[in-house]
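Values in this document were obtained by computation on a predicted structure and should not be read as measured data. Excluded from the calculations below are hydrogen atoms, water molecules and symmetry mates; all remaining heavy atoms, backbone and side chain alike, are included. So you know, we letter chains A, B, ... as the sequences are listed, proteins then strands, and number each from 1.
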Amino acid sequence: MDNRKLAENFTLIADLLEIKGEVVFKTRAYRRAAETLASMSQQAANLLQQGENLTAIPGIGKAIAEKIEELVESGRLQYLERLQQEVPRSLVDLLQVPDLGPKKVALVWKELGITNLEELEAAAQQGKLRQLPGMGEKSEAKVLAGIASLKRRTGRTPLGDALPFADQILADLRALPGVVAAEPAGSLRRRKITVGDLDLLVAAEDSTTVMNYFVKYPGVERILGQGPTKSSVEFSNGMRAQLWVHPPQRFGTALQYATGSKEHNVRMREIALSKGLSLSEHALTRENGEEILCANEEQVYAALGLPWIPPELREDRGEIQAAQLNKLPLRLDLDQWVSELHTHSTWSDGKVPIEDMVKAAIERGYRVIALTDHSHSLGIVQGIPPDALPRQKEEIDRLQQKYGSQIKILQGIEVEIKADGSLDYPDEILATLDLVIASLHISLRQPRQQVTQRVLNAIHNPHVDIIGHPTGRLIPEREGADLDMEAILQAAAQTGVALEINAHPKRLDLEDIYARRAIELGIPLTINTDAHAPDQLDLITFGISTARRGWVEPQHVLNTWEPDLLLEWLDKRGNSNAAR
DNA sequence: GCCGTTTTCGGCCCGACTGTTTTCAGTCG
């Protein structure tokens, strides 16, 4: 049983306990354990096998460790099975309805015998909910609207879609009179791969104009709430956004609060309390009621004796302890970028000739670009047949002459890891290329052991330099291959092959938690855009954010290395002509 | 259920907004 499954079990326990009416601290403990498990870079099952004590993990004590053990060993959990006999499991679906929480779910269950969404909708339509204590006509209408919205919603929005949408709203908000600043917050600012609601924050003395503008923004289907400091809306596409407005002199605490994560903020407030301060979105408050206002986030962190923590790290994964010890990772940044190592041209499915990609790379200040067109077997695109590689080489040589010392152009390949586990090109051909990326695109649904073995084969091929977008996932439509990631990481550490964090917002693969594990194991990483057109080179920032979320530092990333160092590394990999 | 340079028992973050209420509970982030 993997960590995700374990986390699902503990989340289910928390939901059921909440409906049952258990004390909140117990449910909170189960939720925290679920979060921790989901964000661990190593499998709990593996740790158990190695004889590690799970109670060493923060948030996991004796009781939960025993439950993990039972789940890993038997695939079942007696405690959960007993719990489900008390509280019908289908009730947790009701918690998904906006404005329905555990108390109201328990109420409709106990008073009306409702156990699922269909029964809830029917009861609301029949006007039965309004008769319950504490509920009225409006609550009933809210339930119906909530169910409708639930049916319309597609779940979390990919970061690549949410960010441009939010940026447009923010630009419009900045243009309003009296608006001093407008920034993204929440998971958007932390650059999670998917975003639930859009969280937006505005600095302004008077919120009235801003709020009135926001709730009437084009595309707003309904207003979920509107107040002087906070409003939230739902768009016709099902996306939700909420906006906070705070005075500029309180913007720091407000931004810190709105950025989250919730768990990070809880830790921050605990530290504040230990220093005799109370931290809220409005201010830090001393015990005598005196307020300390923070116009920027640096002041908030400084007041707690901490350096500023980059938003991508704020997931309560040890960043606060690291900050206290002054051991936060060195910040990875675009201005450190030297090379782009995964691009396509019209030699396969790219949109432009090599020269246009080269020029675009030069414009961005890069000093190395690798053209890595697809090998020929990938059916959906026109790959390069092996006998065309010499002609491509001639073109690259000609361009290298033309652009001379401005940029080094590498002839690479994105070679397909075929369904049978072999690579699409024989070793003799791979050996002639400057750089080899091996990637999965097909037969991703093979059983774990089989698909993992394919990647392991590629890792052990001495000509392969990089494993491209390891799982092959596409957000949100395609789940990645069910890889045994620890086995892959161990093999990469052993052979020295680099793993890619593919920067395309539909991929962001290797994902953050495994990037973090990779650097622990000393595996070189590379962050590339997989650009099929010049402007896609700018997607690199998504990859950088994902790497930051994985605590990756500049020296871990091939793309920040000086060209000489990179070419030397490629040469040592044994297949490269690059240095010549 | 977890946790401990004040604690192995008694704590466990803070506030906005809504609806159903006559002062607050529930939900959300």
| In terms of the nearest nucleotide of DNA chain B, which residue is placed more toward the 5' end: A/L279 or A/E137? | A/L279

| DNA chain B contacts made by residues 206-240 of chain A, counting heavy atoms under 4.0 Å | A/G225, A/Q226, A/G227, A/P228, A/T229, A/K230

Show the atom names and distances, to 0.1 Å, of all donor-acceptor pairs under 3.5 Å that link a side chain in residues 120-127 of chain A to residues at least two apart or in another chain.
residue: A/E121; atom: OE1; partner: A/K151; partner atom: NZ; Å: 3.1
residue: A/E121; atom: OE2; partner: A/K151; partner atom: NZ; Å: 3.2
residue: A/Q126; atom: OE1; partner: A/K128; partner atom: NZ; Å: 3.0

| field | Under 3.5 Å side-chain donor-acceptor pair for A/R189 and A/T259 | value | yes

Donor-acceptor pairs are to be reported for all side-chain atoms of residues 210-223 of chain A against protein atoms at under 3.5 Å, with residues two or more places apart or in another chain.
residue: A/N212; atom: OD1; partner: A/Q226; partner atom: NE2; Å: 3.3
residue: A/N212; atom: ND2; partner: A/T208; partner atom: O; Å: 3.3
residue: A/Y217; atom: OH; partner: A/D172; partner atom: OD2; Å: 2.5

| remark: Per side-chain hydrogen bond (donor to acceptor under 3.5 Å, both in side chains), A/R190 is matched among A/H264, A/E315, A/E312 by A/E315

| Taking any atom under 4.0 angstrom from a heavy atom of chain A, which nucleotides of DNA chain B are the first and last to qualify, 5' to 3'? | B/dG1 to B/dG29

| field | Atom P, compared across B/dC28 and B/dT23: separation rounded to whole Å | value | 25 Å

| query | Using a cut-off of 4.0 Å on non-hydrogen atoms, how would the nucleic acid contact of A/P133 be classed: base, sugar-phosphate, or nothing? | reply | nothing

| task | Could you tell me whether A/T27 contacts a base, only the sugar-phosphate backbone, or nothing, with contacts defined as non-hydrogen atoms closer than 4.0 Å? | result | nothing

| message | Students often get this wrong, so: under 4.0 angstrom with heavy atoms, is A/K262 touching a base, only sugar-phosphate, or nothing? | response | base

| field | Nucleotide opposite B/dC24 in a Watson-Crick or G-U pair, distances under 3.5 Å | value | B/dG19

| query | Looking at A/F10, does the NZ or CZ of A/K67 lie under 6.0 angstrom from its six-membered ring centre and within 45 degrees of the ring axis? | reply | no

| said: Please classify the nucleic acid contact of A/Y257 as base, sugar-phosphate, or nothing, using heavy-atom distances under 4.0 Å. | reply: base

| message | For A/R31, is there an ion pair with A/E35 - N to carboxylate O distance below 4.0 angstrom? | response | no

| message | Assuming nearest nucleotide by heavy-atom distance, tell me which of A/M135 and A/S274 is located more 5' along DNA chain B. | response | A/S274

| said: Check A/R267 with A/E270, please: is the shortest side-chain N to carboxylate O separation under 4.0 Å? | reply: yes

| task | Considering only atom C1', compute the distance from B/dT6 to B/dG11 and round it to an integer number of Å. | result | 13 Å

| query | Is the side chain of A/R156 donor-acceptor paired with the backbone N or O of A/T194 at a distance under 3.5 Å, no angle test? | reply | yes

| said: Say we look at B/dC9 and B/dG15: how far apart would their C1' atoms be, to the nearest angstrom? | reply: 29 Å

| task | For nucleotides B/dT7 and B/dA16, find the distance between their P atoms and express it as a whole number of Å. | result | 34 Å

List the atom pairs, with distances to 0.1 Å, where a side-chain N or O of residues 272-279 of chain A and a protein N or O form a donor-acceptor pair under 3.5 Å, not counting sequence neighbours.
residue: A/S274; atom: OG; partner: A/I271; partner atom: O; Å: 2.6

| message | Please report the distance separating the C1' of B/dC17 from the corresponding atom of B/dC12, rounded so that it comes out in whole Å. | response | 25 Å

| Rounding to the closest angstrom, what is the interatomic distance between B/dG1 and B/dT5 at atom P? | 23 Å

| said: Give me the distance, rounded to whole Å, that separates B/dT18 from B/dT22 when you measure between the C1' atoms they each carry. | reply: 16 Å

| request: Quick one: label A/D197 by what it contacts on the DNA or RNA (base, sugar-phosphate, nothing), any heavy atom closer than 4.0 Å. | output: sugar-phosphate

Using distance only, find each side-chain donor-acceptor pair of residues 89-115 of chain A under 3.5 Å and give its atom names and separation, not counting sequence neighbours.
residue: A/S90; atom: OG; partner: A/T115; partner atom: O; Å: 2.6
residue: A/T115; atom: OG1; partner: A/E119; partner atom: OE1; Å: 3.3

